[in-house]
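Lettering of chains follows the sequences in order, A, B, ..., and the numbering in each one begins at 1. In this text the structure is predicted, and so the values were computed from the model without any measurement.
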Amino acid sequence: MAIKIASWNVNSIKIRIDAVTNWLREAQPDVLCLQELKCEDSAFPRGAIEDLGYNLAIFGQKTYNGVALISKWPLSDIRRGLPGMPDDEQSRYVEALVEAGERVFRVASIYLPNGNPVDTPKFSYKLDWMTALQRHAEDLLSHEEPLVLAGDYNIIPMPDDVYDPKAWLDDALYRPESRAALRSICNLGLTDAIRACHDEAGLYTFWDYQGAAWQKNKGIRIDHLLLSPEAADLLRGVGIDKHVRGYEKPSDHVPVWAVLS
DNA sequence: ATGCCGGGCGAAGCCCGA
């Protein structure tokens with residue numbers, strides 16, 4: 001039995017609910033990790049999602065941030081907020097067990113801080129958040145179970161993941177400190193699902209609304225699925241649903257997914 | 001191009017994103 005796990009920064013779930021349900025019908029993922037809900041739990045349009053047969057675990061926030069997991073399989077052991085960041089006021093992490101028949105996966109939906117501008121506390125917040133994520137990933141990896149840490153990492157891992165690396169040298173998404181922190185997390189034993197399957201340049205998950213970035217294909221790859229060894233051993237395929245950027249009223253991010261079996 | 005879009009809030013114009 002195969003399970004399809006996806007991640008998508010929707011940039012407001014209220015504005016994007018039709019796009020989300022359209023994509024769910026079209027792509028039929030078992031699990032979707034959502035980021036940037038920009039709404040509190042009570043305002044989340046649950047009904048439209050539940051009508052398609054999905055369960056929800058929401059960690060919302062008014063105006064900014066907000067993450068959720070939706071799953072055709074039962075969700076349990078739900079954790080809201082990143083362990084090690086007890087005073088974090090921003091909703092950026094939700095994790096749950098997905099009980100997919102005879103297999104059980106632990107899945108997290110992550111909205112990593114942007115970090116710009118780099119000479120401000122926003123950048124240190126990003127790096128502190130990544131330190132806490134690394135510690136928590138170490139803990140999760142010690143359980144030696146299939147684990148998927150999915151989300152908007154706000155990090156461009158390599159030069160091939162951006163249309164013009166030079167233009168991004170001083171940006172928090174591409175700064176050496178940010179890339180090193182992501183490498184350090186991966187070096188715990190996590191596999192970037194896209195890069196496990198494809199080595200070509202120009203695989204993007206985000207195109208800015210401005211400057212006709214989509215039309216010019218000026219994109220970046222910042223949405224990632226990181227797999228524990230037990231999950232990576234099950235990896236059968238991946239995809240980036242680029243056409244979703246051409247939807248009416250699109251998010252600036254598109255869904256990225258992996259099939260595990 | 002550190003704001004050209006687009007969304008939230010709230011009812012104009014500012015904050016924020018990447």
Touch class at under 4.0 angstrom, heavy-atom based, for A:Asn116 against every strand present: base
Distance, C1' atom - from B:dG10 to B:dC15, rounded to whole angstrom: 13 Å
Min side-chain heavy-atom separation A:Gln90-A:Tyr64 under 4.5 Å: no
Of the listed nucleotides B:dG17, B:dC9, B:dG3, the one nearest the side chain of A:Tyr209: B:dG17
Whether A:Trp8 and A:Tyr247 hold their rings parallel, tilted or perpendicular, with breakpoints at 30° and 60°: perpendicular
Nearest-Å distance for atom pair CD1/P, residues A:Ile13 and B:dG17: 19 Å
P-based separation of B:dA11 from B:dG6 [nearest Å]: 24 Å
Side chain of A:Lys122 (C-beta onward), nearest among B:dG6, B:dG7, B:dC16: B:dC16
Gap in Å between the two P atoms, one belonging to B:dG17 and one to B:dA12, rounded: 25 Å
Candidate nucleotides B:dG3, B:dG7, B:dC9, ranked by approach to the side chain of A:Gln210 - the nearest: B:dG3
From B:dG3, B:dG17, B:dC9, nucleotide with atom closest to A:Thr63 side chain: B:dC9
Contact under 4.0 Å: A:Lys14 side-chain N or O vs B:dG7 OP1/OP2: no
Minimum-distance nucleotide (side-chain atoms of A:Ser12 versus B:dG17, B:dG3, B:dG8): B:dG8
Whole-Å distance separating the CD atom of A:Gln90 from the C1' atom of B:dC15: 13 Å
Nucleotide of B:dG7, B:dG17, B:dC9 approaching A:Asn11 most closely (side-chain heavy atoms): B:dG7
Whole-angstrom distance between B:dT2 and B:dG13, as gauged at atom P: 24 Å
Touch class at under 4.0 angstrom, heavy-atom based, for A:Asn65 against every strand present: nothing
Proximity to the side chain of A:Tyr64 - top-ranked nucleotide from B:dC16, B:dC9, B:dC5: B:dC16
salt_bridge(A:Arg179, A:Asp161) N-O dist < 4.0 Å: no
Touch class at under 4.0 angstrom, heavy-atom based, for A:Asp223 against every strand present: nothing
Side-chain heavy-atom pair A:Ile3, A:Val98 within 4.5 angstrom cut-off: yes
